[in-house]
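Beneath this line is the structure, given in structure tokens, with notes to follow.
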Amino acid sequence: MRNKKDKLIDERKFREVLLATIPYGIDIVDKNGKVLFMNKKLLSIFGVKAVGKKCWEIYKDNKTQCVNCPLKKGVKPGKTDVLKSEGCMGGKIISISHTGMMHDGDLAILEVFSDITKEKEIEEAKNEFLSMASHQLRTPLTGIKWTLEHLSEKEKFTETGRKYLDNVFSCVERLNELVTLLLSISRIESGNFKASPELIELVGFIEKSLTEFQPICEKKQVICSFAKHPGKLELKIDKTAFGHILRNLAGNAVDYTKSGGKVEISLEEKNGFVILKIQDDGIGIPKKDQSGIFGKFVRASNAHTLKPDGNGLGLYIVKEAVKLLNGEIWFESEEGRGTIFYVSLPSYPQLQK
Ligand SMILES: Nc1ncnc2c1ncn2[C@@H]1O[C@H](COP(=O)(O)OP(=O)(O)OP(=O)(O)O)[C@@H](O)[C@H]1O
Ligand SMILES: [Mg+2]
């Protein structure tokens, strides 16, 4: 029969083995920043024994950790209070999660370090490939489009021939759209999607952009209206990012609205924010699909009924563009009744990045 003492020793041994073999670096830091414990793996990451020293002396080349210092941010004890950060240490990329805990009646921080260098390298290689492939695809596509335009204008076709030509044309348009989306994604993921703010007059900008949608609205018989804001509305903003937001949201509103439906776009200025509202009375987003809808390649279960060939990338780009502009995005939607997307952007340039 094992007694109580044996069981305690077993548990301690188990903890020791676990901490010595786990592929994560682990330490415990007291409320004054003194390192109380570190495991073998952490020693191999830092190459320095840290116990008894202040953490900022040891982790000083990890700027991110110091900026995001959980001690400064006031981590509270408890499992749920986990702060995550990423940084470089000794040529490695490390992800750290900090959890508040109690030690000898005082607050301490449990830090778990994982080496994500490999994952980051793979991600970078993937982004490079995506960027190169989309750039390479763009040139022949532009050539095909140009040739098709010339063929259509300069040559004579039978009625059936023109139908085939239109078909090829719309396929090329779709390919072109997809390549543009992939290029934007590769820019986002490689961190090259940067804001270059310039002063734009929103009312004029929106009116001009919406003319692009006129042909598709007419074809689908969807009425698209813009409730003009009284007067000019100027914003120092990145034009490309704002264009992505507007085009994707308005495009979706038209795409997911049935023939005879309505899309209404409006602007409002409120408490230092400009709010862009895009409302439609289309098919809506089912409740069960709403929480993940901004994810990459995500489409709602009813999307194919009106648009069988969407990519599920537009909203992901919109979300990243809104983030870049320091704004917020949210929506209300009911299946079968319609959707409203709201984007709020700070109207003061100093609030923007
Ligand atoms: N206004 C809307 N009404 C109904 N569903 C919408 C609306 N806007 C977005 N959705 C849903 O969100 C999904 C994601 O939209 P997103 O624009 O990212 O992709 P997509 O339209 O499918 O394809 P693409 O990347 O070519 O734009 C859509 O597939 C659709 O299910
Ligand atoms: Mg879309």
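All values derive from a computational prediction rather than experimental measurement. Numbering of residues begins at 1 and proceeds along the displayed sequence. All ligand and atom numbering here is 1-based and tracks the order in the structure.
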Under a 4.0 Å threshold between the charged nitrogen and the carboxylate oxygen, would [Y] count as salt-bridged to [X]?
| X | Y | answer |
| --- | --- | --- |
| K277 | E264 | no |
| K296 | E189 | yes |
| K13 | E16 | no |
| K31 | D106 | yes |
| D280 | K262 | no |
| K323 | E320 | yes |

Please report the C-alpha distance between D289 and S301 in whole Å, then the side-chain angles of each, then the deciding distance to 0.1 Å, and finally whether the side chain to side chain donor-acceptor pair (under 3.5 Å) criterion is met.
CA-CA 7 Å; D289 301 319; S301 44; 2.8 Å; yes
For [atom], what's the nearest protein heavy-atom neighbour? Residue, atom name and distance, please.
| atom | result |
| --- | --- |
| atom 11 (C) of ligand 1 | I293 CD1, 4.0 Å |
| atom 17 (O) of ligand 1 | N252 ND2, 2.9 Å |
| atom 18 (O) of ligand 1 | L315 N, 2.7 Å |
| atom 20 (P) of ligand 1 | Y256 OH, 3.3 Å |
| atom 24 (P) of ligand 1 | N311 N, 3.5 Å |
| atom 25 (O) of ligand 1 | L313 N, 2.8 Å |
| atom 22 (O) of ligand 1 | R299 NE, 2.6 Å |

Has [X] got any heavy atom lying under 4.0 angstrom from an atom of ligand 1?
| X | value |
| --- | --- |
| G282 | no |
| I285 | yes |
| F341 | yes |
| E177 | no |

Just heavy atoms, cut-off under 4.0 Å: does [X] contact ligand 1 by side chain, backbone, both, or neither?
| X | answer |
| --- | --- |
| D280 | side chain |
| I278 | neither |
| T339 | side chain |

Examine N252 and say whether one of its N/O/S atoms is closer to the Mg ion (ligand 2) than 2.8 Å.
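It does: N252 brings an N, O or S atom closer than 2.8 Å to the Mg ion (ligand 2).
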Proximal ligand 1 atoms for [X], defined as those under 4.0 Å from one of its heavy atoms:
| X | result |
| --- | --- |
| A303 | 29 (O), 30 (C), 31 (O) |
| G312 | 18 (O), 19 (O), 20 (P), 22 (O), 23 (O), 24 (P), 25 (O) |
| A300 | 29 (O), 31 (O) |

Any side-chain to backbone donor/acceptor pair from [X] onto [Y]? Under 3.5 Å, distance only.
| X | Y | result |
| --- | --- | --- |
| S347 | G272 | yes |
| K220 | D255 | yes |
| Q290 | I285 | yes |

N or O pair under 3.5 Å between N302 and ligand 1
no
G314 N/O to ligand 1 N/O under 3.5 Å:
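Indeed, backbone or side chain, G314 has an N or O that close.
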Looking only at non-hydrogen atoms, the one of L249, V298, L181 nearest atom 13 (C) of ligand 1 is V298
Grab the two heavy atoms, one from I116 and one from S95, that are nearest each other, plus how far apart they are.
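Where I116 meets S95 most closely, the heavy atoms are CD1-CB, 3.8 Å.
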If you look at every heavy atom in N302 and P286, which pair is closest and at what distance?
OD1-CD, 3.4 Å
Specify whether F242 and F205 have parallel, tilted or perpendicular ring planes, treating 30° as the upper limit for parallel and 60° as the lower limit for perpendicular.
tilted
